[in-house]
Amino acid sequence: MEQIIAIGIAVVSGGGWFVGKVFGRMRTLEDRIDRLPLEYVLKQDYIREMERMNNEFSEINTKLDKLVEKILSK
């Protein structure tokens, strides 16, 4: 009888540990899924933003070149 009680306690505690692990993993997976729209972008959106940044940097470089030419010509 004592062995059955010990086995029952082991089964209950082991089952609780297992269920806790499963629900913990599910919670982690749900958190990762919730972050997906924030971490990933479409390839077309990424390319468009990179082109926009490249154009802005080109404009900045052009303005700086004109400024340096103006300063050196004095």
Side-chain angles (χ1 to χ4, degrees):
M1 183 69 177
E2 294 172 3
Q3 294 174 346
I4 294 173
I5 294 173
I7 291 172
I9 291 173
V11 167
V12 168
S13 63
W17 174 82
F18 179 74
V19 169
K21 284 288 189 177
V22 169
F23 281 122
R25 294 275 174 102
M26 287 175 53
R27 197 172 310 119
T28 303
L29 183 60
E30 287 175 350
D31 291 342
R32 290 177 64 189
I33 289 172
D34 289 341
R35 286 193 317 262
L36 279 177
L38 300 175
E39 294 179 354
Y40 297 101
V41 295
L42 295 175
K43 186 175 181 179
Q44 297 89 0
D45 293 338
Y46 176 77
I47 290 171
R48 185 180 65 241
E49 288 299 315
M50 288 295 115
E51 287 174 350
R52 187 179 64 80
M53 287 175 56
N54 191 16
N55 290 337
E56 288 182 16
F57 289 143
S58 294
E59 290 175 8
I60 290 171
N61 284 336
T62 303
K63 289 178 182 180
L64 286 174
D65 287 342
K66 288 180 182 177
L67 182 62
V68 167
E69 287 176 7
K70 185 177 178 181
I71 290 174
L72 292 178
S73 66
K74 287 186 177 182

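As a basis for the values below, the full set of heavy atoms in this structure was taken, side chains included, without hydrogen atoms, waters or symmetry mates. Along the sequence shown, the residues carry numbers beginning at 1.
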Using distance only, find each side-chain donor-acceptor pair of residues 5-33 under 3.5 Å and give its atom names and separation, not counting sequence neighbours.
from, atom 1, to, atom 2, distance (Å)
S13, OG, I9, O, 3.1
S13, OG, A10, O, 3.2
T28, OG1, G24, O, 3.0

For residues 50-60, please give each side-chain donor-acceptor pair under 3.5 Å, one per line with the distance, not counting sequence neighbours.
from, atom 1, to, atom 2, distance (Å)
R52, NE, E49, OE1, 3.2
R52, NH1, E56, OE2, 2.7
R52, NH2, E49, OE1, 2.8
N55, ND2, E51, O, 3.3
S58, OG, N54, O, 3.0

Taking only residues two or more places apart in sequence, or in another chain, which ones meet D65 in a side chain to side chain donor-acceptor pair (under 3.5 Å)?
none
Got a sec, which hydrophobics cluster with L72, joining ILVMFWY side chains under 4.5 Å apart, including via others?
V68
